[in-house]
Every structure is written in C-alpha cells, then in structure tokens.
Peer 1: 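My structure is below; once you've seen it, I'll send some questions.
Along the sequence shown, residues are numbered consecutively beginning with 1.
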Amino acid sequence: MTAPAVLVTLLTVAVGWHGGGAHGLGWALLASVFASGIPFAYILGGVRRGRLTDHHVGVRDQRRVPLLFGLASATAGLALLAALGAPRPVLALVAAGVVGLVVAVTVSHWWKMSIHTAVAAGAVVVLALTFGPGMLAAAPLPALAGWSRVRLRDHTVAQVVVGGVVGGLVAGLVYAALR
C-alpha cells in the first residue's frame with residue numbers, strides 16, 4: 001500500500017482527474033507509465049535476473065542504477081508531457097518527482113534515506129495542495145510507511161524521519177511553485 005510505485009500512480013491519477021476529468025486522467029496515465037510503470041518494471045527485471053535482491057531495492061549499494069533509471073524515465077516522461085501540452089498540475093507533479101529522485105540519488109550515494117517515507121510524505125503534501133487542507137487527514141500515511149520500514153529492519157528511525165522531511169519539502173516546494 002505504501003510502495004512508491006503504487007503511491008505515485010494513485011497520486012498522479014488523482015491529480016490528473018482533479019485537473020481535467022477524463023482528459024486529465026489520460027494525461028495522468030501517460031505520466032504514470034514514465035514515473036512509476038517503467039521504473040518498477042526495470043526493478044522487477046533486475047530482481048528476476050538476480051541483479052537486485054528485492055523489489056524494494058533494500059541494499060543501498062544496489063540503489064544507484066535503478067534510481068538513475070527511474071530518473072531518466074521520469075525526465076523523459078516530463079519532456080514528452082511538456083511537448084504534448086499536458087496540464088500544469090500533472091507536469092508539476094512529475095517535475096516534483098524528478099527533483100525528488102535527484103535528491104534520492106544524491107543522498108543514497110552516502111546514506112539510505114527512506115524513499116518509501118519520502119514519497120508518502122510528498123503525496124500528503126500534494127494532496128493537501130491540490131484538494132485542500134482536509135487532505136491532511138492522510139498525514140498518518142508517512143508514519144505508517146516509516147513504521148513498516150523500521151519494523152522490517154530496512155531503515156532506522158533517522159532514515160525514515162529524514163525521508164519524510166525531505167519528501168514533504170521537495171514535493172511542497174516544487175509542486176506548489178509549478179502547479
């Protein structure tokens with residue numbers, strides 16, 4: 001439920017629908033292919049080939065290439081969406097994802113920040129900016145994601161907290177500025 005690919009897809013669909021009904025939904029689905037579908041398919045392929053230990057890419061040393069691949073896919077999607085005239089909220093959301101991936105690639109070189117928590121926190125911020133402050137009721141989502149990452153021993157509390165703060169800040173700054 002709190003997997004980044006799932007959250008990104010659901011959030012993109014919600015933002016696209018809100019910004020243009022069925023028309024916006026079409027843009028959101030295209031954006032989702034590049035922002036989550038292609039990167040997740042790459043990760044699953046890496047797991048099947050034995051290059052990655054799991055679909056969460058839990059080993060920090062294995063994160064660089066999948067994150068860079070995801071960054072390339074999201075950037076290509078952003079360029080295509082912009083060239084085709086996608087609605088601003090969808091472009092802003094994908095741009096926030098691209099910036100978030102740049103931060104994640106950079107931090108992951110030295111430390112294993114929780115990307116699950118970063119995406120969950122960013123999703124809550126985008127929901128609140130898009131649909132209003134009532135969406136802050138989703139605030140437990142990053143805590144749930146963080147708790148599960150610590151419980152599974154994939155992250156420390158510090159890695160979860162930093163992921164949540166960074167994800168919320170990046171999403172808030174980039175999405176709010178571009179939407």
Side-chain angles (χ1 to χ4, degrees), residues 1-44 55-56 67 69-105 113-149 160-161 163-179:
M1 179 174 100
T2 62
V6 173
L7 288 178
V8 167
T9 300
L10 293 174
L11 182 63
T12 306
V13 165
V15 167
W17 182 264
H18 182 263
H23 179 72
L25 179 60
W27 287 109
L29 293 174
L30 179 60
S32 293
V33 167
F34 288 92
S36 57
I38 293 171
F40 192 62
Y42 177 84
I43 290 169
L44 290 178
H55 71 279
H56 294 295
L67 286 172
F69 184 88
L71 176 61
S73 178
T75 302
L78 180 60
L80 178 65
L81 291 163
L84 294 175
R88 285 186 66 87
V90 173
L91 291 172
L93 183 58
V94 176
V98 166
V99 173
L101 280 166
V102 168
V103 172
V105 167
M113 176 182 77
S114 173
I115 295 171
H116 282 75
T117 309
V119 171
V124 171
V125 170
V126 169
L127 286 170
L129 289 169
T130 302
F131 298 99
M135 292 307 295
L136 291 174
L141 184 63
L144 177 63
W147 170 83
S148 72
R149 305 311 293 156
V160 162
V161 169
V165 170
V166 168
L169 283 174
V170 168
L173 293 171
V174 176
Y175 183 75
L178 300 178
R179 69 184 177 114

Peer 1: Under the side chain to side chain contact (heavy atoms under 4.5 Å, CB included) rule, collect the residues that match up with Val33, sequence neighbours excluded.
Peer 2: Ile38

Peer 1: Tell me which pairs pass ring pair (Phe, Tyr, Trp, His ring centres under 6.0 Å) where either residue lies in residues 73-99, with sequence neighbours left out.
Peer 2: none

Peer 1: Please report, to 0.1 Å, the donor-acceptor pairs under 3.5 Å made by any side chain of residues 3-24, with sequence neighbours excluded.
Peer 2:
unit_1: Thr9; atom_1: OG1; unit_2: Ala5; atom_2: O; d: 2.8
unit_1: Thr9; atom_1: OG1; unit_2: Ser36; atom_2: OG; d: 2.6
unit_1: Thr12; atom_1: OG1; unit_2: Val8; atom_2: O; d: 2.6
unit_1: His23; atom_1: NE2; unit_2: Trp27; atom_2: NE1; d: 3.0

Peer 1: With a 3.5 Å cut-off and sequence neighbours excluded, list the donor-acceptor pairs that the side chains of residues 115-140 form with protein atoms.
Peer 2:
unit_1: His116; atom_1: ND1; unit_2: Arg149; atom_2: NE; d: 3.4
unit_1: His116; atom_1: NE2; unit_2: His56; atom_2: ND1; d: 3.0
unit_1: Thr117; atom_1: OG1; unit_2: Ser114; atom_2: OG; d: 2.9
unit_1: Thr130; atom_1: OG1; unit_2: Val126; atom_2: O; d: 2.8
unit_1: Thr130; atom_1: OG1; unit_2: Tyr175; atom_2: OH; d: 2.7

Peer 1: Tell me, which pairs form a ring pair (Phe, Tyr, Trp, His ring centres under 6.0 Å) where one or both residues lie in residues 78-100, sequence neighbours left out?
Peer 2: none

Peer 1: Check residues 69-97 and write down every donor-acceptor pair under 3.5 Å in which the side-chain atom is one partner and the other belongs to a residue at least two apart or another chain.
Peer 2:
unit_1: Ser73; atom_1: OG; unit_2: Phe34; atom_2: O; d: 2.7
unit_1: Thr75; atom_1: OG1; unit_2: Leu71; atom_2: O; d: 2.7
unit_1: Arg88; atom_1: NE; unit_2: Leu178; atom_2: O; d: 3.3
unit_1: Arg88; atom_1: NH2; unit_2: Leu178; atom_2: O; d: 2.8

Peer 1: Considering residues at least two apart in sequence or located in another chain, which fulfil the side chain to side chain contact (heavy atoms under 4.5 Å, CB included) criterion with Leu173?
Peer 2: none

Peer 1: Provide the closest heavy-atom pair for Ser148 versus Ala145 in the form atom of the first, atom of the second, distance.
Peer 2: OG-O, 2.8 Å

Peer 1: For Val105, check side chain to side chain contact (heavy atoms under 4.5 Å, CB included) against everything at least two apart and list the hits.
Peer 2: Arg64, Leu67, Leu68

